[in-house]
Enquirer: 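Pasting a structure here, questions to come.
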Protein chains: 2
Amino acid sequence: MAKTIRDIAREAGVSVSTASLAINGDSRVKPETRERIMQIATSHGFRPSHAARSLSSGKSWSINVINPAVSSALTSGFSTRFLHGVHEVARAYRYTVSLTIIEDENEAVDALDALALERATDGVILMNPSESGCVVEKLRERGLPHTMLGRAPVPDVPSVDNDNVQVGYDAAAHLIEIGRFPIVFVSGPQTHTVTQDRLEGFYGAHRDYGLAPDDAPVVFSGKTAEDAFEDVSRLLAEDRPFRSVLAISDAQAIGAMRAVRSHGRRVPEDVAIMGMNNDDLTAFTDPPMSSVELHAFELGRASVGLLLAQIEGVYEPETRQIVDHELVIRGTTGFPEGSLEGNS
Amino acid sequence: MAKTIRDIAREAGVSVSTASLAINGDSRVKPETRERIMQIATSHGFRPSHAARSLSSGKSWSINVINPAVSSALTSGFSTRFLHGVHEVARAYRYTVSLTIIEDENEAVDALDALALERATDGVILMNPSESGCVVEKLRERGLPHTMLGRAPVPDVPSVDNDNVQVGYDAAAHLIEIGRFPIVFVSGPQTHTVTQDRLEGFYGAHRDYGLAPDDAPVVFSGKTAEDAFEDVSRLLAEDRPFRSVLAISDAQAIGAMRAVRSHGRRVPEDVAIMGMNNDDLTAFTDPPMSSVELHAFELGRASVGLLLAQIEGVYEPETRQIVDHELVIRGTTGFPEGSLEGNS
DNA sequence: GTGAAAGCGCTAACAT
DNA sequence: ATGTTAGCGCTTTCAC
């Protein structure tokens with residue numbers, strides 16, 4: 001049942017090496033020979049053994065995605081779309097996609113050790129926020145090709161990212177333009193580069209519109225909707241005046257929206273809300289949540305691209321690839337439709 | 001840098017076979033010998049090459065999860081938690097987790113062919129709704145161990161599932177008990193076994209409470225929040241009377257909620273809403289969404305368990321493992337807190 | 001309890 | 001353009 005390349009070669013009347021070359025599409029084999037070999041191979045349902053191919057070629061033909069359990073649970077639609085993009089490109093290049101789900105950075109470092117020592121992967125894609133950079137250090141130390149999602153905490157790490165300064169700028173600019181100043185910026189932990197970048201853009205927009213950034217309250221929140229709920233509630237309790245909330249994720253935007261409502265303020269009439277990521281459910285909150293589409297699928301595709309460029313040998317250390325973003329304006333920053341209109 | 005078992009054996013003054021046995025914890029090696037070998041192995045950071053181990057042992061030491069792109073995007077929190085469970089158990093048994101993301105059943109069949117022929121995986125976990133059963137057929141034909149999430153469309157498939165009849169029953173019973181009859185059941189495609197089971201429980205609850213099931217409108221909707229929005233909107237336009245909506249997923253529950261609101265009805269005062277899956281965002285809709293926790297993480301853990309039992313040789317064809325569920329009652333089926341109270 | 005040796009199924013020099 | 005051959009780094013009989 002399980003045919004080997006030897007069987008194929010024998011039946012085609014060629015040597016194993018010729019069969020191997022033919023199957024791998026090497027140009028040295030004569031087209032007609034190649035044709036005949038392929039014919040026999042497919043008729044027997046032959047495919048080279050992954051393990052054997054890996055062992056003899058010294059490549060695992062597999063890439064590994066390190067996916068932090070916590071943050072993926074929060075921006076889950078993002079994570080899924082990203083993986084989808086990774087998978088699509090990887091498969092096109094005959095690479096397998098493996099997954100490592102980690103609770104914290106220590107687990108990531110351990111997992112990387114295992115991966116590297118067992119030579120079980122040809123490259124790693126980090127979905128970590130990678131606060132400390134120790135994961136990247138480990139990757140370098142092991143000499144494993146890698147790409148990360150987001151701006152790296154240390155220099156010269158190949159990475160794929162949105163222009164998060166611009167993301168923060170565009171979102172803030174929109175809120176300012178529709179007259180929703182002051183804006184509360186609900187950010188994630190300050191250690192994340194994505195937070196730093198978006199915050200920079202947030203301030204930049206204020207400057208460009210001639211507004212004092214000091215008037216823009218910034219909350220360094222946790223990562224969850226609940227964190228945002230509590231932080232915005234606190235701000236409301238302190239009677240801080242604001243006309244809108246810009247949250248760093250859709251989950252946090254939803255938490256913020258609940259906080260605003262709990263204090264008897266209306267969304268969007270009293271306070272406009274804008275999230276980021278454009279998760280699947282944003283279109284179906286009530287009112288629909290405005291957000292920023294970050295094109296997770298494209299980020300995934302780009303990540304493998306950058307990784308394969310290294311694995312295949314075209315290594316450019318400081319490559320940084322930027323994927324487009326766009327504002328998606330819905331009800332939470334505009335006028336409500338349907339039921340809510342009647343309520344006011 | 002890259003040590004082989006040969007280096008370890010040499011340094012320990014033993015043969016490679018002894019080193020191999022020691023590293024794999026075989027009881028035949030004398031404890032002190034084993035100790036010495038392990039010492040040297042760890043000090044050199046030695047780990048057996050994954051590829052070599054696979055080739056010589058005839059096992060890939062990897063399991064593959066087939067994840068449909070569409071449904072995972074919708075119940076994304078579920079999917080992530082499930083994978084997390086799978087990963088945890090797999091890692092404990094030294095198995096790698098690979099991911100195959102598919103658009104439709106044809107892609108699944110193709111992917112399975114590749115996986116089987118290349119001997120790239122030792123077993124497959126199907127997250128498919130698997131409407132037709134052709135994916136399972138392919139798995140059997142190839143002799144690949146497998147487990148599926150949900151009740152199989154054909155007999156004797158090892159599967160992990162919730163008791164979905166009971167899920168449907170419990171959810172409907174709760175809505176009936178709080179006086180929210182008639183209930184609209186917003187289901188997924190009728191071909192899914194999960195839909196069939198929950199519907200059966202839904203009807204069962206009606207019978208047990210002495211209610212005519214005919215009065216319970218059932219909508220065979222699509223899978224998305226938008227589908228639910230449209231179907232419930234249609235029902236409202238037709239002036240069908242109902243006091244609650246039970247949706248087969250949280251996304252659909254959110255779609256239903258918007259539809260209800262768009263027609264000027266209040267949630268939960270006029271219409272109660274209940275979803276299923278207990279996705280991360282349910283706690284932060286407004287009001288918070290009641291749902292059914294299905295314990296995705298446990299489902300994941302159980303799936304690998306069943307799979308490893310087969311791979312390791314303890315195969316029981318008709319195994320079906322049931323994971324607990326529980327109702328999570330929140331605002332959409334109770335009384336609203338905060339802002340909404342003031343509105344009424 | 002430990003060692004010697006034969007593969008596992010490919011790929012990749014090196015020959016021809 | 002095709003064939004010969006030597007491994008890749010383990011596991012696993014089979015001896016001792």
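We name chains A, B, ... by the order of the sequence lines, and we start the count at 1 in each one.
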Enquirer: Assess whether atom CZ of A:Arg320 is packed by more than 12 heavy atoms of other residues, nucleotides or ligands within 6.0 Å.
Expert: yes
Enquirer: What residues from residues 54-64 of chain B pass a heavy-atom cutoff of under 4.0 Å to DNA chain C?
Expert: B:Leu55, B:Ser56
Enquirer: Less than 3.5 Å apart, any donor N or O on the side chain of A:Asn67 or A:Thr100 sitting next to an acceptor on the other?
Expert: no
Enquirer: Going by the rule ring pair (Phe, Tyr, Trp, His ring centres under 6.0 Å), which residues pair with B:His295 if we only count those two or more places apart in sequence or in a different chain?
Expert: none
Enquirer: Do any of residues 12-37 of chain B sit with a heavy atom less than 4.0 Å from DNA chain D, and if so which?
Expert: B:Ser17, B:Ser20, B:Asn24
Enquirer: Distance-only criterion, 3.5 Å: show the donor-acceptor pairs between side-chain atoms of residues 31-40 of chain B and protein atoms not counting sequence neighbours.
Expert:
{"unit_1": "B:Arg34", "atom_1": "NH1", "unit_2": "B:Ala22", "atom_2": "O", "d": "2.9"}
{"unit_1": "B:Arg36", "atom_1": "NH1", "unit_2": "B:Ala12", "atom_2": "O", "d": "2.3"}

Enquirer: Once side-chain hydrogen bond (donor to acceptor under 3.5 Å, both in side chains) is applied, do any residues pair with B:Asp122, and if so which ones, sequence neighbours excluded?
Expert: B:Ser60
Enquirer: Please list, chain by chain and in numerical order, all residues satisfying salt bridge (Lys or Arg N to Asp or Glu O under 4.0 Å) with A:Arg94, sequence neighbours excluded.
Expert: none
Enquirer: Partners of A:Phe46 by ring pair (Phe, Tyr, Trp, His ring centres under 6.0 Å), sequence neighbours excluded?
Expert: none
Enquirer: Report for the helix from C:dG1-D:dC16 to C:dT16-D:dA1: angle between first-end and last-end helix axes, five pairs each, rounded to 10 degrees.
Expert: 30°
Enquirer: Take the protein atom CZ of A:Arg47 and the nucleotide atom C1' of C:dG9, then report the distance between them rounded to whole Å.
Expert: 16 Å
Enquirer: With B:Ser54, which residues qualify under side-chain contact (heavy atoms from CB on, under 4.5 Å), at least two apart?
Expert: A:Ala51, B:His50, B:Trp61
Enquirer: If you look at every heavy atom in B:Arg47 and A:Arg119, which pair is closest and at what distance?
Expert: O-NH2, 3.0 Å
Enquirer: By side-chain hydrogen bond (donor to acceptor under 3.5 Å, both in side chains), which residues pair with A:Glu298, not counting sequence neighbours?
Expert: none
Enquirer: Which residues satisfy the salt bridge (Lys or Arg N to Asp or Glu O under 4.0 Å) test with B:Asp7, sequence neighbours excluded?
Expert: B:Arg10
Enquirer: Walk along DNA chain D from 5' to 3' and tell me the first and last nucleotide with an atom closer than 4.0 Å to a non-hydrogen atom of chain A.
Expert: D:dA1 to D:dC10
Enquirer: Run B:Arg151 and B:Ser159 through side chain to side chain contact (heavy atoms under 4.5 Å, CB included) and show every step you take.
Expert: CA-CA 6 Å; B:Arg151 187 163 63 76; B:Ser159 60; 5.7 Å; no
